[in-house]
Amino acid sequence: LKAYGAAFETMGDKKKAIEQYEKSVPLITDTKEVSEALANIAYLYSQLGEYQKSNEIYTKCLETLSQVKLPTIRPAYTYQYIAENYEKMGDIEAENKARMRAYDLFAKSRAYISGIPQRLKVCDNYGKANKREQAIQCYEVCHQMASQYLGKDHEITKQSKELLDKYQSM
């Protein structure tokens with residue numbers, strides 16, 4: 001059934017793919033494969049614009065991942081996807097919370113190139129909400145982390161510095 005889900009997904013029939021993946025989940029005995037099927041379902045709901053449903057499934061995926069000894073990078077990406085759904089729903093507070101959780105897990109995995117952009121997005125949200133001091137503090141941390149772990153010439157380091165300078169000059 002999982003293979004049928006993948007086939008329908010490849011053919012572009014997202015609803016049929018969800019149906020097949022959902023049928024396969026109770027039949028799968030390997031916890032890692034369950035989490036993969038749930039992630040596929042959540043992704044497809046997001047593609048259909050059903051962001052809340054997608055986040056509910058991603059949360060189930062996180063619960064399943066907690067039962068498997070996997071690197072923290074998998075849950076980090078799951079939190080990133082949850083944050084992206086919240087962004088599409090316009091829930092900045094929930095988005096920031098999910099992005100910071102993703103950032104923490106990326107940092108724990110030493111995946112700074114993936115984590116720092118999550119934190120930069122939180123900084124951007126502070127700026128959009130006219131929370132200048134929070135934006136500055138956030139950009140300072142981002143710039144420090146980017147400089148330390150990615151190097152001064154990395155694009156993310158340069159971007160964080162430009163944004164920090166922008167908010168400090170306001």
Side-chain angles (χ1 to χ4, degrees), residues 9 14 18 32 35-170:
E9 186 176 353
K14 294 175 179 72
I18 290 170
K32 181 182 174 196
S35 72
E36 290 171 0
L38 290 170
N40 289 338
I41 294 166
Y43 170 77
L44 290 166
Y45 274 118
S46 179
Q47 293 297 300
L48 291 171
E50 296 183 40
Y51 306 119
Q52 187 60 43
K53 181 72 173 173
S54 175
N55 280 355
E56 290 169 12
I57 304 296
Y58 276 132
T59 300
K60 287 180 186 176
C61 182
L62 286 167
E63 291 166 4
T64 304
L65 285 171
S66 72
Q67 300 169 24
V68 183
K69 293 206 178 228
L70 291 172
T72 55
I73 198 86
R74 300 261 324 265
Y77 278 111
T78 304
Y79 277 107
Q80 177 181 329
Y81 303 143
I82 289 170
E84 290 168 358
N85 283 338
Y86 280 127
E87 180 180 17
K88 291 170 186 166
M89 293 188 301
D91 187 340
I92 294 172
E93 188 174 319
E95 176 194 346
N96 284 350
K97 184 177 177 182
R99 286 194 189 281
M100 287 305 294
R101 185 70 181 122
Y103 167 80
D104 291 341
L105 291 170
F106 279 126
K108 188 174 180 182
S109 298
R110 299 185 181 273
Y112 300 106
I113 199 157
S114 297
I116 294 170
Q118 295 305 306
R119 191 171 185 118
L120 279 171
K121 186 68 178 165
V122 172
C123 302
D124 291 343
N125 287 339
Y126 286 143
K128 289 176 188 172
N130 294 320
K131 296 180 179 179
R132 183 179 167 272
E133 290 304 315
Q134 286 176 293
I136 290 171
Q137 290 173 352
C138 189
Y139 283 125
E140 285 174 341
V141 170
C142 284
H143 183 65
Q144 179 184 15
M145 295 292 288
S147 297
Q148 182 177 352
Y149 294 108
L150 303 177
K152 67 178 178 138
D153 294 327
H154 195 281
E155 187 60 35
I156 293 172
T157 306
K158 292 176 184 177
Q159 178 187 15
S160 63
K161 178 65 173 151
E162 288 172 14
L163 292 165
L164 175 60
D165 291 346
K166 172 187 166 185
Y167 279 93
Q168 285 178 331
S169 69
M170 294 175 120

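The figures that follow rest on heavy atoms only: side chains count, while hydrogens, waters and symmetry mates do not.
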Peer 1: Please tell me whether Cys123 and Cys142 are bridged, where bridged means their SG atoms are separated by under 2.5 Å.
Peer 2: no
Peer 1: Find out whether Met89 and Asn55 are in side-chain contact, i.e. whether some heavy atom of one side chain is under 4.5 Å from a heavy atom of the other.
Peer 2: yes
Peer 1: Is a salt bridge present between Lys128 and Asp124, judged by a nitrogen-to-oxygen distance below 4.0 Å?
Peer 2: no
Peer 1: Got Tyr139 and Leu120 here, is their nearest side-chain heavy-atom distance under 4.5 Å?
Peer 2: yes
Peer 1: When rounded to the nearest 0.5 angstrom, what distance separates CD in Gln134 from CG in Asn125?
Peer 2: 11.5 Å
Peer 1: Can you check side chain to side chain donor-acceptor pair (under 3.5 Å) on Glu84 and Gln80, steps first, answer last?
Peer 2: CA-CA 6 Å; Glu84 290 168 358; Gln80 177 181 329; 3.2 Å; yes
Peer 1: Run the side-chain contact (heavy atoms from CB on, under 4.5 Å) check on Gln168 and Glu140 step by step: do they pass?
Peer 2: CA-CA 10 Å; Gln168 285 178 331; Glu140 285 174 341; 3.4 Å; yes
Peer 1: For the atom pair NZ (Lys32) and CD (Gln67), what is the distance rounded to the nearest 0.5 Å?
Peer 2: 15.0 Å
Peer 1: With respect to Tyr58, which candidate in Tyr45, Tyr81, Tyr51 satisfies the ring pair (Phe, Tyr, Trp, His ring centres under 6.0 Å) definition?
Peer 2: Tyr81
Peer 1: Can you confirm whether Tyr43 is buried at OH, in the sense that more than 12 heavy atoms of other residues, nucleotides or ligands lie under 6.0 Å from that atom?
Peer 2: no
Peer 1: Might you point out which heavy atoms bring His143 and Leu164 nearest each other, and give the distance in Å?
Peer 2: CB-CD2, 4.5 Å
Peer 1: Between Arg132 and Met170 (side chain of the first, backbone of the second, donor and acceptor by atom type, cut-off under 3.5 Å), is there such a pair?
Peer 2: yes
Peer 1: Show your reasoning for whether side-chain contact (heavy atoms from CB on, under 4.5 Å) applies to Ile82 and Arg101.
Peer 2: CA-CA 10 Å; Ile82 289 170; Arg101 185 70 181 122; over 6 Å; no
Peer 1: About how many Å separate NE2 of His154 and OG of Ser160, when rounded to the nearest 0.5 Å?
Peer 2: 10.5 Å
Peer 1: Tell me the closest heavy-atom pair linking Cys138 and Arg119, and the distance in Å.
Peer 2: SG-O, 3.7 Å
Peer 1: Let me see the working for Leu65 and Cys61 under side-chain contact (heavy atoms from CB on, under 4.5 Å), right down to the final yes or no.
Peer 2: CA-CA 6 Å; Leu65 285 171; Cys61 182; 4.1 Å; yes
Peer 1: Taking all atoms of both residues into account, what is the closest heavy-atom pair of Ala76 and Ala102, and its distance?
Peer 2: O-CB, 3.5 Å
Peer 1: Between Ser46 and Asn85, which heavy-atom pair has the shortest distance, and what is it?
Peer 2: OG-OD1, 2.9 Å
Peer 1: According to the interplanar angle, ranging from 0 to 90°, do the rings of Tyr149 and Tyr112 count as parallel (below 30°), tilted (30 to 60°) or perpendicular (above 60°)?
Peer 2: parallel
Peer 1: Provide the closest heavy-atom pair for Thr157 versus Ser147 in the form atom of the first, atom of the second, distance.
Peer 2: CG2-OG, 3.4 Å
Peer 1: Please say whether more than 12 non-hydrogen atoms of neighbouring residues, nucleotides or ligands are located less than 6.0 Å from NZ in Lys88.
Peer 2: yes
Peer 1: Using every non-hydrogen atom in the two residues, find where Ser114 and Tyr77 come nearest and quote the distance to one decimal.
Peer 2: OG-OH, 3.2 Å
Peer 1: What distance separates Ile116 CD1 from Leu150 CG, expressed to the nearest 0.5 Å?
Peer 2: 4.5 Å
Peer 1: Can you tell me how far CG of Asn96 sits from CD of Glu87, rounded to the nearest 0.5 angstrom?
Peer 2: 10.0 Å
Peer 1: Looking at NZ of Lys161 and NZ of Lys152, how far apart are the two atoms once the value is rounded to the nearest 0.5 Å?
Peer 2: 13.0 Å
Peer 1: With a 4.5 Å cut-off on side-chain heavy atoms, are Glu36 and Arg74 touching?
Peer 2: yes
